[in-house]
There are 2 protein chains.
Amino acid sequence: MSHQRDRASTRNAQTGPSGLDLPDLPEATVARLPEYLRALHGLAETGLDVVSSEELAGAAGVNSAKLRKDLSYLRSSGTRGVGYDVASLIAKIEYVLGLSQHRTVALVGVGNLGHALAGYAGFESRGFHIAALFDADPRRVGERIGGLRVHHVDELPLVVAQERISIAVIATPAQAAQSVADALVACGVTSILNFAPKVLNVPDNVDVRKVDLAIELQILSFHEHRKASLTALPSTLGGVLGQEAYGS
Amino acid sequence: MSHQRDRASTRNAQTGPSGLDLPDLPEATVARLPEYLRALHGLAETGLDVVSSEELAGAAGVNSAKLRKDLSYLRSSGTRGVGYDVASLIAKIEYVLGLSQHRTVALVGVGNLGHALAGYAGFESRGFHIAALFDADPRRVGERIGGLRVHHVDELPLVVAQERISIAVIATPAQAAQSVADALVACGVTSILNFAPKVLNVPDNVDVRKVDLAIELQILSFHEHRKASLTALPSTLGGVLGQEAYGS
DNA sequence: CACGATTTGTGCATGCCTTCACAAATGCCT
DNA sequence: AGGCATTTGTGAAGGCATGCACAAATCGTG
Ligand SMILES: NC(=O)c1ccc[n+]([C@@H]2O[C@H](COP(=O)([O-])OP(=O)(O)OC[C@H]3O[C@@H](n4cnc5c(N)ncnc54)[C@H](O)[C@@H]3O)[C@@H](O)[C@H]2O)c1
Ligand SMILES: NC(=O)c1ccc[n+]([C@@H]2O[C@H](COP(=O)([O-])OP(=O)(O)OC[C@H]3O[C@@H](n4cnc5c(N)ncnc54)[C@H](O)[C@@H]3O)[C@@H](O)[C@H]2O)c1
């Protein structure tokens, strides 16, 4: 689990003894469900209450067959000849993603990036509540950001338990990231979103996802490099390959 | 191209007429090269000058066979029985990623998040130079951030041309993202990193990568939900499945 | 009630990615 | 010089993911 994708499927489809009845989802599907959810919320705002796989796929930027297959894993409730009921599909995806009630999130490292994250309204509207902020710098402790007081990182165990926090965001410098992760794991946190450019070592039952902006830019850079070498081709061939019509 | 992964391989292995000699890289490999590069820089700082695939894979958090196969696409220069020369491997990866000289980047939308990005030192050290900032809000135009003046977004064409910008970052609200993307494309920008939660519509020759933090959290939430339903199991079974040893 | 238009759900083929396992190559040590 | 330990580079197999293409289901209409 510590790596992004370990096993593709998560759990057997049968109704578990816990009664939670979670279907068996390929990891690639899990990664797309949030995209569908966002697209659905957008469509719901326009007043639409039924949507076809073609429309929704368009809004989410994926192939419609892929979308249908993804939704079929959710014991899909589409109606042939009609489409999907927007409201109930939203509810179903939110349930599967565990968003039926807001999840509380801790944010560790209230620096440059942490400030932006702490003040970001988009999390609340998408199922998350930032419940606590932490920093190691005494000058930052006590500061109030968006209605929250910054705690010292030593208070992690106490606050994490009090607020029933299960997900944490690390926005500290890379050199501090591993020790912060260790502290989080010791408090019982089992999901971490890591912004520090450092591979974290965590137990198998803890999930880590990373966001590294430099990596994203470097991937873009690769394609730029490639495109540059193509457009440097003798003219016609480069022109034909490089320029095509719009549309997905 | 506009979608994250379209075709797996990029270009034929033969030396192109342009003489640039870019190998044929699977997209999955391209996405990992930056990770290797970061790990290598870390190792280089410790004074190491030769590294085995096992060590490097550990530092990058991947399987060593995968690492070796990835590097083999680069006409790899490892030495059997010894390992890879750190300095020359860094140079090779940087070349392939198009980082041999710094790339200039434009940042559009200097709000909450944009401020953090503009002030981030990590980009410079990893091959990028933020050369220009843009915003539509007249109150922000003229403001100086980290030595850069904020331009009005109308000046995009002029500045993009002057600074030879090929990559742009969008950090505007979602509703403005598409029009900003259109403007960027019109200026000749061919790579976009998008932070706005909105699917962008761009020509085929433009690459878009998106970063959506809420999506990352929602993926984590899914796994939390799943873990919770497992630990709710009748004891032994749940315990055995849910708890495993450390190590990757 | 029957028919046609529409749209879902999915079997299937194809291709990509990952991982194992091992032969080939290198360097060190005696 | 020869043998041994080490480590790369890669063939091959298996597992996922993708997308086509179509049968099955549903609705509206006459
Ligand atoms: N700023 C950006 O736009 C940006 C972009 C990409 C990646 N990142 C990464 O995000 C992380 C944070 O970046 P930043 O620009 O906000 O850095 P920053 O230095 O502004 O903030 C880091 C914060 O973490 C706190 N901190 C340090 N050690 C700590 C510890 N052990 N426990 C708790 N808090 C601790 C510091 O006091 C500081 O407030 C870095 O790893 C950086 O590489 C930042
Ligand atoms: N703040 C975060 O931590 C965070 C986290 C995740 C995602 N995001 C996303 O990143 C984007 C920016 O977030 P933010 O919090 O910085 O928002 P913000 O409102 O603070 O900043 C947006 C900036 O974009 C500028 N802008 C608006 N329209 C523009 C246009 N047409 N051209 C150029 N500039 C324009 C505004 O003047 C403002 O300065 C949003 O789409 C948000 O959803 C932000």
Side-chain angles (χ1 to χ4, degrees), chain A residues 1-11 13 23-33 35-36 40 43 48-86 88-89 92 248, chain B residues 2-11 13 23-33 35-36 40 43 48-86 88-89 92 219 248:
Chain A
M1 290 216 195
S2 22
H3 301 148
Q4 258 73 334
R5 321 143 124 234
D6 256 348
R7 311 196 57 249
S9 299
T10 42
R11 190 159 79 80
D24 189 25
L25 295 186
E27 191 59 30
T29 297
V30 173
R32 281 187 296 265
L33 289 180
E35 201 79 60
Y36 303 154
L40 282 165
L43 293 171
L48 200 64
D49 45 70
V50 169
V51 67
S52 73
S53 64
E54 203 70 48
E55 288 174 280
L56 182 51
V62 302
N63 178 294
S64 71
K66 200 192 301 192
L67 168 70
R68 288 197 299 277
K69 185 154 294 189
D70 284 341
L71 295 186
S72 77
Y73 292 116
L74 312 184
R75 320 230 198 306
S76 182
S77 53
T79 314
R80 297 181 183 206
V82 178
Y84 299 87
D85 180 76
V86 172
S88 63
L89 189 51
K92 182 162 286 183
S248 58
Chain B
S2 25
H3 301 149
Q4 259 73 334
R5 323 141 123 229
D6 254 347
R7 309 199 58 252
S9 299
T10 41
R11 188 156 84 78
D24 189 25
L25 294 185
E27 192 59 31
T29 296
V30 173
R32 281 187 296 265
L33 288 180
E35 202 81 57
Y36 303 154
L40 283 165
L43 293 170
L48 200 65
D49 45 67
V50 169
V51 66
S52 73
S53 65
E54 203 70 49
E55 288 174 280
L56 182 53
V62 303
N63 179 294
S64 71
K66 199 192 298 193
L67 168 69
R68 287 198 299 277
K69 185 151 292 190
D70 283 342
L71 295 186
S72 77
Y73 292 116
L74 312 184
R75 320 231 197 303
S76 184
S77 54
T79 315
R80 298 181 183 206
V82 179
Y84 299 86
D85 180 76
V86 172
S88 64
L89 190 50
K92 182 163 288 185
I219 294 171
S248 58

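First the proteins, then the strands, lettered A, B, ... as listed; each starts at 1. None of the values given here were measured: they were computed from a predicted structure.
- Residue Ser53(B) places at least one side-chain N or O closer than 4.0 Å to OP1 or OP2 of dT8(D).
- Once rounded to the nearest 0.5 Å, the distance linking CG of Leu40(B) with CD of Glu35(B) reads 11.0 Å.
- Put simply, CG on Asp85(A) is 15 Å from C1' on dT26(D), counting in whole angstrom units.
- In this structure, CZ of Arg68(B) is placed 16 Å from P of dA25(C), rounded to the nearest angstrom.
- Distance alone, capped at 3.5 Å, is enough to place a donor-acceptor pair between the Lys92(B) side chain and the Arg75(B) backbone.
- Phosphate contact (OP1/OP2 of dG9(C), side-chain N/O of Tyr84(A), threshold under 4.0 Å): present.
- Following rounding to the nearest Å, Leu71(A) (CG) and dT18(D) (P) show an atom-to-atom distance of 14 Å.
- The nearest whole Å value for the distance from the CZ atom in Arg32(B) to the C1' atom in dC16(C) is 11 Å.
- One atom, CG of Leu74(B), and another, P of dT8(D), lie 14 Å apart when rounded to the nearest Å.
- Heavy-atom distances to DNA chain D give each of Ala65(A) and Val82(B) a nearest nucleotide, and the one nearer the 5′ end belongs to Val82(B).
- Between the side chain of Lys69(B) and the base of dT19(C), a donor-acceptor pair under 3.5 Å is found.
- Panel note: side chain Glu55(A), backbone Ser52(A); a donor-acceptor pair is recorded below 3.5 Å.
- One atom, CG of Asp70(B), and another, P of dT10(D), lie 13 Å apart when rounded to the nearest Å.
- Leu25(B) is listed as a side-chain neighbour of Leu33(B), based on a closest heavy-atom distance under 4.5 Å.
- Between dT10(C) and Arg80(A), no contact under 4.0 Å exists linking OP1 or OP2 to a side-chain N or O.
- Distance Lys66(B) NZ to dC20(C) P: 11 Å, rounded to the nearest Å.
- The interatomic distance linking Asn63(A) (CG) with dT18(D) (C1') rounds to 8 Å, in whole Å.
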